[in-house]
Amino acid sequence: MNIKPVIGILPTSNYMLTDDTFQDTYRFGNNYINKIIENGGIPLLIPYSNDNVIKDVLDMCDGLILPGGDRVLNSNLEVVKYFYDNKKPIFGICLGMQTLGMFSINLYEDDKRVLSLIENGTDHWPINVYRDTNETLAHFVNVEKDSIMYEIFDNDRIEVNSLHKSCITEVGKNFKVSIKSDDGIIEGIEYTGKDRFIIGVQFHPEILPQFNKIFERFIEECAKISTK
């Protein structure tokens, strides 16, 4: 019997954003859950407790999806470190990619925020995304041929959607930029070694059916962990 890999998904936190304790909630995007199921994985919604990590839950996961959002929590970086140290695959999307970028820098240096607001938001934000327009493509990006991203997409130029007003400006040691937009915004990063599988994209492939291959590859890598 094939063992399906368990893919953890981090929540978007609303903890302590208001004075109403009933609004201390965590949210999980339905599209991430669907993509994991469609590609042979089991989604596990990773809970936080007062924005703190519950490490026993992380032990249950074979891989991690870092979703989009609007805040990079210290607990998110702590979770990334757990998966990095245990050599479990990580896939960051939008803010999740930016979180990976921050982690890659802080892995070898003092705490450094590498996030920057995009001065000219043309084709990056603001983008009107609704249920009937969420597959709208916004701009082209260029994929480095010597990269995991090129292996996945089999193309050095693809058109993507977009919904972000900030970006990362660099990555740290053992990571590289593998996708950029025409105006120089970093749109994809990856780990360069062979001992771990870590990728991140700035766009949202979870709502783009033509980019299903990126989830296929990610869950294939997670399956290698689940069968060890």
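Checking side-chain atoms of Arg196 against main-chain N and O of Tyr84 turns up a donor-acceptor pair under 3.5 Å. Using a distance-only test at 3.5 Å, with no hydrogens or angles considered, a donor-acceptor pair links the side chain of Asp20 to the main chain of Phe22. Judged by distance alone, with hydrogens and angles left aside, the side-chain atoms of Glu190 form no donor-acceptor pair with the main-chain N or O of Ile198 at under 3.5 Å. In terms of modelled atom types and a separation under 3.5 Å, the side chain of Asp62 and the main chain of Ala223 share no donor-acceptor contact. In terms of modelled atom types and a separation under 3.5 Å, the side chain of Asp24 and the main chain of Met16 share a donor-acceptor contact. At least one donor-acceptor pair closer than 3.5 Å links the side chain of Ser147 to the backbone N or O of Tyr150. Side-chain atoms of Asn39 come within 3.5 Å of backbone atoms of Lys35 as a donor-acceptor pair (strictly under, hydrogens ignored).
A continuous path of Ile, Leu, Val, Met, Phe, Trp and Tyr side chains, each step under 4.5 Å between heavy atoms, connects Phe211 with Ile37, placing both in one hydrophobic cluster.
Applying the side chain to side chain donor-acceptor pair (under 3.5 Å) rule to Asp59 yields the partners Tyr82; only residues at least two apart in sequence or on another chain are considered. By the side chain to side chain donor-acceptor pair (under 3.5 Å) test, Asp51 is found to be paired with Ser13, Tyr26, residues two or more places apart in sequence or in another chain being considered. Partners of Lys88 under the salt bridge (Lys or Arg N to Asp or Glu O under 4.0 Å) rule, at least two apart in sequence or in another chain, do not exist in this structure. With sequence neighbours excluded, no residue forms a side chain to side chain donor-acceptor pair (under 3.5 Å) with Asn155. Applying the salt bridge (Lys or Arg N to Asp or Glu O under 4.0 Å) test to Glu151 and every residue at least two apart in sequence or in another chain returns Arg217. Residues meeting the ring-ring contact (aromatic ring centres under 6.0 Å, His included) test with Tyr32, sequence neighbours left out: none.
The closest side-chain heavy-atom distance from Ser75 to Tyr48 is below 4.5 Å. Residues Cys222 and Phe197 are not in side-chain contact: their nearest non-hydrogen atoms beyond the backbone lie 4.5 Å or more apart. In this structure, Ile179 and Glu144 have side chains that are not in contact, with every pair of non-hydrogen atoms separated by 4.5 Å or more.
No more than 12 heavy-atom neighbours from other residues, nucleotides or ligands sit within 6.0 angstrom of NZ on Lys180.
Just one of Ile36, Val57, Ile33, Ile7 meets the side-chain contact (heavy atoms from CB on, under 4.5 Å) condition when paired with Leu44; it is Val57.
Rounded to the nearest 0.5 Å, atoms CG (Asn52) and CG (Asn74) are 10.5 Å apart. Atom CG of residue Asp154 and atom NZ of residue Lys145 lie 10.5 Å apart, to the nearest 0.5 angstrom.
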